[in-house]
Amino acid sequence: MRLKEIISNIHLLDAVGDLDREVKGIEIDSRKAEEDTLFAAIRGTQVDGHRFIPLAIEKGASIILCEQLPEQLSEGVTYLRVASTEQAIGPVATAFYGNPSAKVKLVGVTGTNGKTTIATVLYNMFRAMGHRCGLLSTVCNYINGEAIPATHTTPDAIELNRLLGSMVEQGCEYVFMECSSHAIHQHRIGGLTFAGGIFTNLTRDHLDYHKTVEAYRDAKKAFFDSLPKTAFAITNADDRNGMVMVQNTKAQVRTYSMRTMADFRAHLLECHFEGMYLEINGKEVGVQFTGKFNVSNLLAVYGAAVMLGKTPDEVLLVLSTMKSVSGRLQPVHSPEGFTAIVDYAHTPDALANVLSAIHEVLNGKGQVITVCGAGGNRDKGKRPLMAQEAVRQSDKVIITSDNPRFEDPQAIIDDMLAGITPTQRKKVISITDRREAIRTACMMATKGDVILVAGKGHEDYQEIEGVKHHFNDREVLEEIFKENE
């Protein structure tokens, strides 16, 4: 593609060199640059890409997109200066890949919790309805059934458009994607055309990056501010930030709620670990999910499907066949008669929701033993809050290691323990080794009890000192149960 076509939608502050030249690829990683590549020098949170301009040119890059021109310009190289490379790369990538998002119905899901469940259920639902679909999520990316491993909740703008382009080539009609606050703030979704957006909820998370809850909220809100009037914006009226999200959007606003008047409403009629009976907009349906928070998630799914043109009856019929997402309230039954639940809950609110869902099913007829930790090199402020939530709704708590990354696991545990009182400490123990913590919980449990193993969910690794070691909570539980048979 010709360079002048690729940059037609961005504002240049300066241009040096030939603008009528061929571009064979675009990269933000200088190591991947090749002949006739456009290299975008982005000022990241850790490293400034401008440092790698010489390496990109050495590798063959012939176009440099930057915020500051190098002191020495290389002959035969075109330099494009913009106010923000981070903001410009989205529209550039969109143009280079032929604007793929405009050729599908792209729906973005944002919020603290529920993104993966909503996006995945929508993907599975529309495939079950006979459509070719794409999914961009924390767990895995899919192009109509073909799995493509995910490294971030939302890929960078180049990889995102590359994936969307592949989805278009393979005939996808709908694409459902999680939009993380990092991705929105870093303009990774800039230049994309959305058919709709969904807001789940907002609780404390990622303050290591955003610093304040207000900045975190505003990053989410920016997604809805950018939606076109042709799109829909579905928001959770039960969340105090629900209407804040859509107050400046041009999109068609719809609401969902379990507590108040809304376009899409639901009531929980009956709840078990294997599923629930709900009433959605006056019609009863059985689903293979559990917990009030999942009622909210399924309402968002229902609303989005209706806004995408599906009839309510068809949506409810297919919804009844959908299964829970891997690592989300996933039960593993023991031979001794107790149940272990594996869940990704890694924020105070998510942990509170999962424990509430467990109590809804138990109804006081068994004890709850919670195994949880907190990630290293992440928001330290939520660590004591995680412990508080675990203690508040559990009979026994085992604080353990999650993904310590480059931190001392015991230091993370100490941060969590600092959030509970001396009286509460009587029902809390700490075991650094996660496998032993899970094993201990299993030794404590008796028939009718529930063990919640929280924090990792679908993850199949534990990251320690930069190395990912294979570790899957569900597999560990199954191994322990086999040993005890």
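- A side-chain contact (heavy atoms from CB on, under 4.5 Å) with N201 holds for exactly one of N113, N241, T235; it is N113.
- The distance between the ring centers of F194 and F223 falls below 6.0 angstrom.
- Classification of the F481-F338 ring pair by plane angle, with boundaries at 30° and 60°, yields perpendicular.
- By the 6.0 Å and 45° rule, K105 does not stack over the aromatic ring of Y174.
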Go through it in stages, so that I can follow the logic: the residues are K221 and V244, the test is side-chain contact (heavy atoms from CB on, under 4.5 Å), and I'd like the CA-CA distance, side-chain angles, deciding distance and then a yes or no.
CA-CA 8 Å; K221 183 178 177 295; V244 173; 4.3 Å; yes
Would H470 and E475 count as a side-chain contact (heavy atoms from CB on, under 4.5 Å) if you check the C-alpha gap in whole Å, the side-chain angles of each, and the deciding distance to 0.1 Å?
CA-CA 10 Å; H470 182 78; E475 289 177 7; 2.9 Å; yes
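- Across A93 and N161, no two heavy atoms sit closer than the pair CB-ND2, 3.6 Å.
- When only modelled atom types and interatomic distance are considered, Y216 and T112 share a side-chain donor-acceptor pair under 3.5 Å.
- A salt bridge (Lys or Arg N to Asp or Glu O under 4.0 Å) check over residues 440-459, counting only residues at least two apart or in different chains, returns the pairs K456-E459.
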Steps toward side-chain contact (heavy atoms from CB on, under 4.5 Å) verdict (H458, R328)
CA-CA 8 Å; H458 65 279; R328 267 65 173 179; 2.8 Å; yes
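- Between E86 and R188 there is no salt bridge, since none of the side-chain N atoms of the basic residue sits less than 4.0 Å from a carboxylate O of the acidic one.
- Using a 3.5 Å distance cut-off with no hydrogens or angles, the side chains of H131 and E173 do pair a donor with an acceptor.
- The minimum heavy-atom distance between T230 and Q252, with the atom names listed, is O-NE2, 3.9 Å.
- Applying the salt bridge (Lys or Arg N to Asp or Glu O under 4.0 Å) test to K283 and every residue at least two apart in sequence or in another chain returns D313.
- A salt bridge does not link K468 with D460: none of the charged nitrogens is closer than 4.0 Å to a carboxylate oxygen.
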